[in-house]
Asks: 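Handing you this structure, nothing more for now.
When reading the values below, keep in mind they use all heavy atoms of this one structure, side chains included, and skip hydrogens, waters and symmetry mates.
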Amino acid sequence: MNSEESILTTRARSPLLKWTLSVLAAAVIITAAFAWLQTTEAAPPAVTEHSFEEGSLTWEIGRYPAKVLDLNDFRLSLRNSEGAPLRNAKLSIVLDMIGMNCGNYSFKLTETAPGVYEGEGMPLMAGTWKATLTLDTADGSYLLARRLSAVH
């Protein structure tokens, strides 16, 4: 190959090389941006407060963040609109990982004291989960949701 052929080959490869490097740089920047966005989102708290038509509830997760593939304690305290314990309700929770199709985990809660309901739930993977509560009382049925973090 003479020097003229070498220059032509280098020039022909140069735009392809520049394009490839540009695509790689863009991929690195996009990946870094997604990682930064995920780390800047505040972790959901261990205790949350919720209101519904008949009253309010305090939702606690005992060991927090929740442990993956382990039973975690969920404790909900329900009060009616006058502030008295809301008794004899039926509660169940479905854990569903946000943005994933890894399966749901459902469980029921039992009343352990007046207006206090407890149960155990198990996140299947580390990450952010949505917990959806189905609350049935004598006067109505309600759906309430919160987020929770799960770790290994």
Asks: How many angstroms lie between NZ in Lys67 and NE2 in His152, if you round to the nearest 0.5 Å?
Replies: 10.5 Å
Asks: Of all the heavy-atom pairs spanning Val68 and Ala126, show the shortest one and how long it is.
Replies: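 For Val68 and Ala126, the tightest heavy-atom pair comes out as CG2-N, 3.4 Å.
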Asks: Tell me the salt bridge (Lys or Arg N to Asp or Glu O under 4.0 Å) pairs involving residues 44-66, sequence neighbours left out?
Replies: Arg63-Asp70
Asks: Would a distance-only check, ignoring hydrogens and angles, find a side-chain to backbone donor-acceptor pair under 3.5 Å from Arg147 to Ala43?
Replies: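 No: the side chain of Arg147 does not pair with the backbone of Ala43.
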Asks: Determine whether Leu69 and Ile93 fall in the same hydrophobic cluster, where Ile, Leu, Val, Met, Phe, Trp and Tyr are linked whenever their side-chain heavy atoms lie under 4.5 Å apart.
Replies: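 Hydrophobic grouping puts Leu69 with Ile93.
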Asks: What are the two closest non-hydrogen atoms of Leu144 and Ser51, and how far apart are they?
Replies: CD2-O, 3.8 Å
Asks: Give me the atom names and distance for the closest heavy-atom approach of Pro44 to Ser149.
Replies: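 Scanning both residues, the minimum pair turns out to be CD-OG, 3.2 Å.
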Asks: Measuring from atom CE of Met100 to atom CE of Met125, what distance do you get when rounded to the nearest 0.5 angstrom?
Replies: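 Between Met100 CE and Met125 CE, I get 3.5 Å after rounding to 0.5 Å.
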Asks: State, with a plain yes or no, whether a side-chain heavy atom of Glu120 is found less than 4.5 Å away from one of Asp73.
Replies: yes
Asks: Calculate, to the nearest 0.5 Å, the distance between atoms CD1 and CG belonging to Ile61 and Leu148 respectively.
Replies: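 These two atoms lie 4.5 Å from each other.
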Asks: Identify the heavy atoms of Pro85 and Pro114 that sit nearest to each other, and give their distance.
Replies: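 Pro85 and Pro114 have their closest heavy atoms at CB-O, 3.4 Å.
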Asks: Taking ring-ring contact (aromatic ring centres under 6.0 Å, His included) as the cut-off, I'd like each qualifying pair that reaches into residues 92-134, sequence neighbours left out, listed once.
Replies: Phe74-Phe107
Asks: Return the set of residues passing ring-ring contact (aromatic ring centres under 6.0 Å, His included) with Tyr64 (not counting sequence neighbours), or none when no residue passes.
Replies: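 Tyr64: no ring-ring contact (aromatic ring centres under 6.0 Å, His included) contacts found.
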Asks: In chain order, what residues pass the side-chain contact (heavy atoms from CB on, under 4.5 Å) check against Thr112, with sequence neighbours excluded?
Replies: Thr110, Val116, Glu118
Asks: What's the separation between atom OG1 in Thr132 and atom CG in Leu143, rounded to the nearest 0.5 Å?
Replies: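 The CG atom of Leu143 is 7.0 Å from OG1 of Thr132, to the nearest 0.5 Å.
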Asks: For Asp139, what residues pass the side chain to side chain donor-acceptor pair (under 3.5 Å) criterion, not counting sequence neighbours?
Replies: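 In terms of side chain to side chain donor-acceptor pair (under 3.5 Å), with neighbours along the sequence ignored, Asp139 is linked to no residue.
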Asks: Could you check Thr137, Leu57, Leu76 and say which one makes a side chain to side chain contact (heavy atoms under 4.5 Å, CB included) with Leu86?
Replies: Thr137
Asks: Working to the nearest 0.5 Å, report the span between CG of Asn88 and CG of Asp136.
Replies: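 Answer for the CG-CG pair, Asn88 versus Asp136, is 13.0 Å.
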Asks: Would a hydrophobic clustering, with Ile, Leu, Val, Met, Phe, Trp and Tyr connected at side-chain separations under 4.5 Å, put Met97 with Val94?
Replies: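 No, Met97 does not connect to Val94 through the hydrophobic network.
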Asks: Using the salt bridge (Lys or Arg N to Asp or Glu O under 4.0 Å) rule, collect all pairs that involve residues 79-96, keeping only residues at least two apart or in two chains.
Replies: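 Applying salt bridge (Lys or Arg N to Asp or Glu O under 4.0 Å) to every pair that reaches into residues 79-96, excluding sequence neighbours, yields Arg87-Glu111.
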Asks: For the CE atom of Met122 and the CG atom of Leu95, what is their distance to the nearest 0.5 Å?
Replies: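 The CG atom of Leu95 is 10.0 Å from CE of Met122, to the nearest 0.5 Å.
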Asks: So if you build clusters from Ile, Leu, Val, Met, Phe, Trp, Tyr with side-chain heavy-atom gaps below 4.5 Å, do Val47 and Leu135 land together?
Replies: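 No, no single cluster joins them.
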Asks: Minimum heavy-atom separation for Gly119 and Leu109, please, with both atom names.
Replies: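 Closest approach of Gly119 to Leu109, heavy atoms only: N-CD2, 3.8 Å.
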